[in-house]
Engineer: 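One structure, as structure tokens, below. Some questions next.
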Amino acid sequence: MVSLRGWASFPAELPGFDPDLASDAPEDLFLTWLTEAGEHVLAPHAVTLSTVDEDGAPDARVVILKDVGPAGWAVATSAESPKGRQLTENPRAALTFFWPGRGRQVRVRGTVTPAPREASDEDFLARPPASRVEAFIGHQSEVLTDPEKLTEASAAAERWVEENPDAAPETWTRYLIVPTVVEFWQASHDRRHVRLRYRREDEGWTRERLWP
């Protein structure tokens, strides 16, 4: 068995983080961290989206963050996909960003609402052609008994996208996670990790320093 203790977790030099200097709104601090992460790691906008199914069992998968601002943190998928159905059935979710090259993690938890139809269509049409073809193939996460069926469906979807360049599936949905809690975690080699939690209250955000 491979030893799980021999691998380095973080680089030798880690950035500092002073919670007392953090911005009043979590999205502002997040955008700063995201920009810095983009200078050091691949796919800094990749995020683990966690949902629960109808039985309350957790599900998690990596998706791409589409936008972030006071209105919420946006991701997109087909409403007919497993995650889309789960978000419809139980409109609560969590997001987890992890940038080991910076020793940083951001956790977001909140309620989920679908964006207006125009925003979902705009999101879809901004996707690369291959990504639009993939969405029109459909059947996400269903059992594939014959790989040839995927080849046929891909060809049909590609023709459709070429013939209808301005069309977006009615099921394509941009979802907004409206956070109730956002936590920033900065690793430290002495294990005295710095944690700052933003908690939404009626009058705005409350910032709290947490024990490691």
Side-chain angles (χ1 to χ4, degrees), residues 27 30-31 34-35 37-39 41-55 57-99 106 108-179 182:
E27 59 267 19
F30 173 80
L31 288 172
L34 178 66
T35 300
E39 299 173 356
V41 302
L42 294 174
H45 54 338
V47 57
T48 299
L49 168 66
S50 300
T51 57
V52 295
D53 66 15
E54 64 275 10
D55 298 320
D59 241 337
R61 75 290 286 166
V62 176
V63 298
I64 295 298
L65 180 73
K66 296 303 187 75
D67 197 9
V68 61
W73 306 55
V75 298
T77 188
S78 169
E80 294 180 341
S81 68
K83 52 186 173 293
R85 294 195 301 270
Q86 289 170 6
L87 290 171
T88 299
E89 181 70 21
N90 188 339
R92 293 179 293 176
L95 301 174
T96 306
F97 297 86
F98 181 49
W99 304 307
V106 180
V108 181
R109 184 173 61 190
T111 57
V112 180
T113 58
R117 181 73 260 155
E118 317 84 73
S120 294
D121 290 349
E122 182 181 350
D123 180 280
F124 181 82
L125 295 176
R127 290 165 64 86
S131 296
R132 280 182 272 157
V133 169
E134 177 191 19
F136 272 109
I137 291 173
H139 305 287
Q140 187 181 94
S141 298
E142 295 179 12
V143 175
L144 177 63
T145 57
D146 181 0
E148 185 60 31
K149 296 293 184 182
L150 174 58
T151 301
E152 295 171 358
S154 297
E158 187 172 354
R159 287 194 299 272
W160 169 261
V161 169
E162 289 176 352
E163 295 169 1
N164 302 273
D166 298 322
E170 294 183 1
T171 57
W172 189 259
T173 306
R174 185 167 177 148
Y175 293 95
L176 287 173
I177 293 88
V178 182
V182 182

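Counting begins at 1 with the first residue of the sequence.
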Engineer: By the definition side-chain contact (heavy atoms from CB on, under 4.5 Å), identify the one residue from Val63, Val68, Val47 that meets it with Leu95.
Structural biologist: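 The side-chain contact (heavy atoms from CB on, under 4.5 Å) with Leu95 is passed solely by Val47 among Val63, Val68, Val47.
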
Engineer: If you take all heavy atoms of Val52 and Pro58, which pair is closest and at what distance?
Structural biologist: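 Nearest heavy atoms, Val52 then Pro58: CG1-CA, 4.2 Å.
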
Engineer: Which distance, rounded to the nearest 0.5 Å, do you find between the OG1 of Thr173 and the NZ of Lys83?
Structural biologist: 11.5 Å

Engineer: Give the minimum heavy-atom separation between Ala60 and Thr48, together with the two atoms involved.
Structural biologist: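 Residues Ala60 and Thr48, closest heavy atoms: CB-CG2, 3.8 Å.
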
Engineer: Of all the heavy-atom pairs spanning Ser120 and Ala115, show the shortest one and how long it is.
Structural biologist: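 So the two residues come closest at OG-O, 4.1 Å.
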
Engineer: Check the pair Val106, Val182 against side chain to side chain contact (heavy atoms under 4.5 Å, CB included), reporting the backbone distance first and the verdict last.
Structural biologist: CA-CA 7 Å; Val106 180; Val182 182; 4.1 Å; yes

Engineer: Using salt bridge (charged side-chain N to carboxylate O under 4.0 Å, His left out) as the criterion, list what pairs up with Arg61, not counting sequence neighbours.
Structural biologist: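 Per chain and number, Arg61 pairs via salt bridge (charged side-chain N to carboxylate O under 4.0 Å, His left out) with Asp59.
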
Engineer: Mind listing the closest non-hydrogen atom pair of Asp53 and Gln86 along with its distance?
Structural biologist: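 The answer is CB-NE2, 3.7 Å.
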
Engineer: Contact between Arg85 and Glu54 at the side-chain level, heavy atoms closer than 4.5 Å - yes or no?
Structural biologist: no

Engineer: Can you tell me if Arg127 has over 12 outside heavy atoms packed within less than 6.0 Å of its CZ?
Structural biologist: yes

Engineer: Would you list the atom pairs, donor with acceptor, under 3.5 Å between side chains in residues 159-172 and any protein atom, with sequence neighbours excluded?
Structural biologist:
unit_1 : atom_1 : unit_2 : atom_2 : d
Asn164 : ND2    : Trp160 : O      : 3.0
Thr171 : OG1    : Ser78  : OG     : 3.4
Trp172 : NE1    : Asp123 : OD1    : 3.1

Engineer: Show the nearest heavy-atom pair for residues Ala46 and Phe97, with the distance to one decimal.
Structural biologist: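 Distance-wise, the nearest heavy atoms are O-CD2, 3.7 Å.
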
Engineer: Pairs of donor and acceptor atoms involving the side chains of residues 147-154, under 3.5 Å and at least two apart or interchain, shall be tabulated with distances.
Structural biologist:
unit_1 : atom_1 : unit_2 : atom_2 : d
Ser154 : OG     : Leu150 : O      : 2.8

Engineer: Look at the rings of Phe124 and Phe136 and say which category their plane angle falls in: under 30° parallel, 30 to 60° tilted, over 60° perpendicular.
Structural biologist: perpendicular

Engineer: Any chance you could measure Leu65, atom CG, to Leu34, atom CG, to the nearest 0.5 Å?
Structural biologist: 7.0 Å

Engineer: Using modelled atom types only, decide if a donor and an acceptor are shared between the side chain of Trp73 and the backbone of Pro179 within a distance under 3.5 Å.
Structural biologist: no

Engineer: Taking atom CD of Gln140 and atom CD of Glu80, what is their separation to the nearest 0.5 Å?
Structural biologist: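 One gets 10.5 Å once the value is rounded to the nearest 0.5 Å.
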
Engineer: Check the pair Arg174 / Asp67 against side chain to side chain contact (heavy atoms under 4.5 Å, CB included), numbers first and verdict last.
Structural biologist: CA-CA 10 Å; Arg174 185 167 177 148; Asp67 197 9; 2.9 Å; yes

Engineer: Taking all atoms of both residues into account, what is the closest heavy-atom pair of Ala76 and Lys66, and its distance?
Structural biologist: CB-NZ, 3.9 Å

Engineer: Can you measure from OH (Tyr175) to CG (Leu49) and round to the nearest 0.5 angstrom?
Structural biologist: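 If I round to the nearest 0.5 Å, the distance is 10.0 Å.
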
